[in-house]
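What follows is a single structure, written as structure tokens, with notes after it.
Here, residue 1 is the first one in the sequence, and each next residue gets the next number.
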Amino acid sequence: MKNRFYPALSCMILFSLFSSCIKESEESDYPYLEQEIEVGDIVPVFTVYEKEDQTGASFSSTQCEGKITVIVFFNTGCKDCRRELPKINYAWDTLRDDPLYQIVPIARDQGKEEIEAFWKDPDYTFSMPAYVDPGRKVYTLFANQTVPRVYIVNQEGVISWMAIEELTQTKEQFTELLRKMQ
């Protein structure tokens, strides 16, 4: 029994280390972006929809003009996303009536049903909208791997701040960061 336990435990530990929900392998069926979006770049042109069939509410990058926009790529199965999304939702709840700000959460490779189930989870309960990105068509305009990704787009449509995996701020500090970007 002991001889079988330790090799199995070692395999489980290695599997969990290499199968993080936020990083994928270099080999992928998705398009590869030579240069990921960075601070100072213009926001790529895109449109996302509420539903996979491109119906329901939509958001287009042209709507960034004249506003401070937070674009968030997430996956509901990602533990880092689950940690950071409440901070984003707090900012949404605090700033949603201010016409200068908009928050655009985009579910990477997930559908509306998965998002709705997570949004209603009693441990989280989100009030912000969410959009879908089937096939990572929009995500791959920004990056190749790793979520959560948070981009703040200034009123001129330029990425002015970004975070990968962790915001490092509390929900109050993140909201204050947004307010200072006016």
Side-chain angles (χ1 to χ4, degrees), residues 22-23 30-52 54 56-76 78 80-110 112 115 118-119 126-182:
I22 57 171
K23 293 185 176 125
Y30 300 106
Y32 182 78
L33 184 63
E34 288 294 325
Q35 179 65 44
E36 292 186 347
I37 294 296
E38 297 177 349
V39 170
D41 291 341
I42 295 173
V43 68
V45 176
F46 70 90
T47 301
V48 288
Y49 297 89
E50 184 180 40
K51 298 178 184 175
E52 297 88 339
Q54 297 187 344
S58 66
F59 180 86
S60 172
S61 56
T62 59
Q63 293 172 259
C64 293
E65 190 175 317
K67 297 187 178 230
I68 296 169
T69 306
V70 180
I71 299 171
V72 182
F73 290 99
F74 70 95
N75 183 290
T76 62
C78 166
D80 294 329
C81 297
R82 288 174 175 258
R83 180 190 66 233
E84 299 304 324
L85 281 172
K87 296 175 188 178
I88 304 297
N89 194 74
Y90 177 84
W92 165 260
D93 285 340
T94 304
L95 301 171
R96 73 174 169 199
D97 293 330
D98 188 327
L100 180 60
Y101 299 95
Q102 54 193 358
I103 296 178
V104 185
I106 303 171
R108 186 190 71 180
D109 247 357
Q110 290 190 293
K112 181 143 179 74
I115 298 166
F118 180 63
W119 253 225
F126 297 109
S127 56
M128 62 188 168
Y131 302 91
V132 299
D133 182 22
R136 298 184 187 190
K137 291 179 179 107
V138 175
Y139 178 78
T140 55
L141 297 173
F142 286 80
N144 291 310
Q145 60 182 1
T146 312
V147 288
R149 281 185 178 263
V150 179
Y151 299 90
I152 298 177
V153 181
N154 68 21
Q155 294 164 301
E156 289 78 42
V158 176
I159 307 291
S160 58
W161 186 90
M162 65 181 282
I164 302 170
E165 295 185 75
E166 185 175 7
L167 293 176
T168 66
Q169 291 91 357
T170 65
K171 60 187 181 183
E172 294 85 6
Q173 291 168 327
F174 179 70
T175 304
E176 188 58 31
L177 169 71
L178 291 172
R179 284 191 175 122
K180 288 179 181 177
M181 294 198 161
Q182 291 186 17

Can you see which heavy atom on [X] is nearest to which on [Y], and at what distance?
X      : Y      : result
Pro129 : Ile103 : CG-O, 4.2 Å
Gln173 : Thr170 : OE1-N, 2.8 Å
Cys81  : Pro86  : O-CD, 4.4 Å
Ala130 : Ile115 : CB-CG2, 3.6 Å

Next on the checklist: Testing the 3.5 Å rule here: is there a donor-acceptor pair between the side chains of Glu38 and Gln35?
Outcome noted: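 Gln35 and Glu38 do have a side-chain donor-acceptor pair below 3.5 Å.
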
Checklist entry - Taking atom types as modelled, is there a side-chain donor on Thr146 or Glu165 under 3.5 Å from an acceptor on the other? => result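 Per modelled atom types, Thr146 and Glu165 side chains form no pair under 3.5 Å.
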
Checklist entry - Can Ile37 and Ile159 be said to form a side chain to side chain contact (heavy atoms under 4.5 Å, CB included), step by step? => result CA-CA 8 Å; Ile37 294 296; Ile159 307 291; 3.6 Å; yes

State the [atom1]-[atom2] distance between [X] and [Y], to the nearest 0.5 angstrom.
X      : Y      : atom1 : atom2 : result
Phe73  : Ile164 : CZ    : CD1   : 12.0 Å
Asp93  : Lys171 : CG    : NZ    : 9.5 Å
Thr175 : Lys180 : OG1   : NZ    : 12.0 Å
Leu178 : Ile68  : CG    : CD1   : 7.0 Å
Ile71  : Ser61  : CD1   : OG    : 7.5 Å
Arg136 : Asn144 : CZ    : CG    : 9.5 Å

Item to check | Heavy-atom neighbours of Ile42 CD1 exceed 12 at 6.0 Å | outcome: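 Incorrect, the count does not exceed 12.
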
Checklist entry - Does a sphere of radius 6.0 Å around CD in Glu65 hold more than 12 heavy atoms from other residues, nucleotides or ligands, not counting ones at 6.0 Å or beyond? => result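 Not buried by this count: 12 neighbours or fewer within 6.0 Å.
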
Item to check | Salt-bridge contact Lys112-Glu50 (side-chain N to carboxylate O under 4.0 Å) | outcome: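 Here Lys112 pairs with Glu50 in a salt bridge, since their nearest N and O are under 4.0 Å apart.
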
Next on the checklist: Check this for me: does any side-chain nitrogen of one of Arg149 and Glu36 sit under 4.0 Å from a carboxylate oxygen of the other?
Outcome noted: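 Yes, Arg149 and Glu36 are salt-bridged.
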
Checklist entry - Do the two ring centres, one from Tyr49 and one from Tyr131, sit under 6.0 Å apart? => result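 When the ring centroids of Tyr49 and Tyr131 are compared, they turn out to be at least 6.0 Å apart.
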
Does a side-chain heavy-atom distance below 4.5 Å link [X] with [Y]?
X      : Y      : answer
Ile106 : Tyr139 : no
Ser127 : Trp92  : yes
Gln110 : Asn75  : yes
Met128 : Leu85  : yes
Lys87  : Gln169 : no
Leu167 : Ile88  : yes
Val158 : Val43  : no
Val70  : Val150 : yes

Do the ring planes of [X] and [Y] sit parallel (below 30°), tilted (30 to 60°) or perpendicular (above 60°)?
X      : Y      : value
Phe142 : Tyr151 : tilted
Phe126 : Phe118 : tilted
Phe46  : Phe59  : tilted

Within the side chain of [X], is there an N or O that forms a donor-acceptor pair under 3.5 Å with the backbone of [Y]?
X      : Y      : value
Trp161 : Val153 : no
Ser60  : Gln63  : no
Asp109 : Pro134 : no
Glu166 : Asp80  : no

Item to check | salt bridge (Lys or Arg N to Asp or Glu O under 4.0 Å) between Arg108 and Asp133, worked out | outcome: CA-CA 5 Å; Arg108 186 190 71 180; Asp133 182 22; over 6 Å; no

Item to check | From CA spacing to verdict: side chain to side chain contact (heavy atoms under 4.5 Å, CB included), Leu100, Gln182 | outcome: CA-CA 8 Å; Leu100 180 60; Gln182 291 186 17; 3.4 Å; yes

